[in-house]
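Data first, discussion second: the structure below is written as structure tokens.
Everything numeric here is computed off the predicted structure, so don't read it as measured data. In what follows, every chain begins at residue 1, and chains take the letters A, B, ... in the order their sequences are listed.
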Amino acid sequence: MDREDILIYIYQAKNLQVVKLVIKESTDGVAVELVGDMEESQLEEINSAVRWMLALDEDFTEFYALTNHEPKLQQVEKKAQGRLLRSPNLFEDIVKTILTTNTSWSGTIRMTAALVEQFGDPFHGSNNEYAFPAPDRIARSDEQTLREVTRLGYRAPYILQLSQEVSSGSLDLNAYKSSEMEPDQVHSQLLSIKGIGNYAAANLMMLLGYYDYLTIDSWALKMVSQEFFNGDQISPQDVKDVFERWGKWKGLVYWLWNWSDTK
DNA sequence: GGTAGACCTGGACGC
DNA sequence: GCGTCCAGGTCTACC
């Protein structure tokens, strides 16, 4: 994201071509400018990818109706919030989520950039723009490289194992996006991936459109404590109890809650 | 089921 | 510049 109203994404198509997508708001929705060579037949693939990334097919009418009664959520409908930006494929989101765990945001950016520069295919004509690496690119690497060159630390074996399983076909992440699996089943499958714990699984469930999972990390505990418990020490269960009344939308409510008045 | 300690890195801080 | 401490979620061993 270069500017607040523009999203730039380096996309690698199924035929491995790399193009640049410049996505911006338009009067009738979203406009996508395609930079680079792409066959006409692949436009549908791009269209589908962008719709998924921006969750354009999801309906938030019910959610907005709920938020309008909560002062802390007054901005939600006005700003058309609710759509979480996600990657074109779940593999990328899982890797990025693992890279958010147990580190600072700057650490996440550093590790992601290193992974992309080390293993991603470059966008034509650019020496600093790369597509997110496909699973097989990382799978062909080794733990030592991921630790020492990409600086993933102890996350290296997790990322390597995930890449190898997706690359070999033993792990089919597309199944998680299908409606044939129950949400609880998807959740438990995510938890079975090494490196994915409660926080990461909840984050991924949100990205998959299941908004009744709470991403409870240290920041959540701090903010909920200050907002609802006068700064007292609280547990993850306390966070769940606070947002339980929002039912299947609780994850989004927590995500979009206006914490700005919290001291 | 609950808990403690290890994992790894970068940033902050004190000297 | 160097050493130390701390924050951040997950895994594993142990009780």
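Distance A:Asn102 CG to B:dG5 C1': 13 Å, rounded to the nearest Å. Across the protein-nucleic acid pair, A:Leu204 atom CG and C:dG9 atom P stand 14 Å apart, rounded to whole Å. Atom P of nucleotide B:dC8 and atom CD1 of A:Ile159 are separated by 14 Å, given to the nearest angstrom. Going from atom OH of A:Tyr154 over to atom C1' of C:dT10 covers 6 Å, rounded to whole Å. Taking atom OH on A:Tyr158 and atom P on B:dC7, their separation rounds to 11 Å, with Å as the unit. The nearest whole Å value for the distance from the CD atom in A:Gln144 to the P atom in B:dC8 is 13 Å. A:Lys194 places its NZ atom 16 Å from the P atom of B:dC7, with the value rounded to the nearest Å. Remark: C1' of B:dC7 and CZ of A:Arg151 are 14 Å apart, rounded to the nearest angstrom.
Looking at heavy-atom distances under 4.0 Å, A:Ile98 makes no contact with the nucleic acid at all. Residue-level contact check: A:Ala200 touches the backbone only, with heavy atoms under 4.0 Å from sugar-phosphate atoms and none from bases. At the heavy-atom level, A:Gly107 lies nowhere under 4.0 Å from the strands shown. Contact annotation for A:Ile193: backbone-only contact, meaning every heavy-atom pair under 4.0 Å involves sugar-phosphate atoms and none involves a base.
An OP1 or OP2 oxygen of C:dG8 is reached within less than 4.0 angstrom by a side-chain nitrogen or oxygen of A:Ser218. Here A:Arg147 reaches the OP1 or OP2 of B:dC8: one of its side-chain N or O atoms lies under 4.0 Å away. For B:dG10, the OP1/OP2 oxygens have a side-chain nitrogen or oxygen of A:Arg110 closer than 4.0 Å.
Linking Ile, Leu, Val, Met, Phe, Trp and Tyr residues whenever their side-chain heavy atoms come within less than 4.5 Å places A:Phe132 and A:Leu208 in a single cluster.
Ring geometry for A:Trp257 against A:Trp259 counts as tilted: the plane angle lies between 30° and 60°, on a 0 to 90° scale.
Heavy atoms only, all atoms of each residue included: A:Phe229 and A:Asp238 are closest at CZ-CB, 3.9 Å.
For A:Lys20 and A:Glu129, the salt-bridge test passes: some basic side-chain N is under 4.0 Å from an acidic carboxylate O.
Heavy atoms from other residues, nucleotides or ligands lying under 6.0 Å from CG of A:Asp37 number 12 at most.
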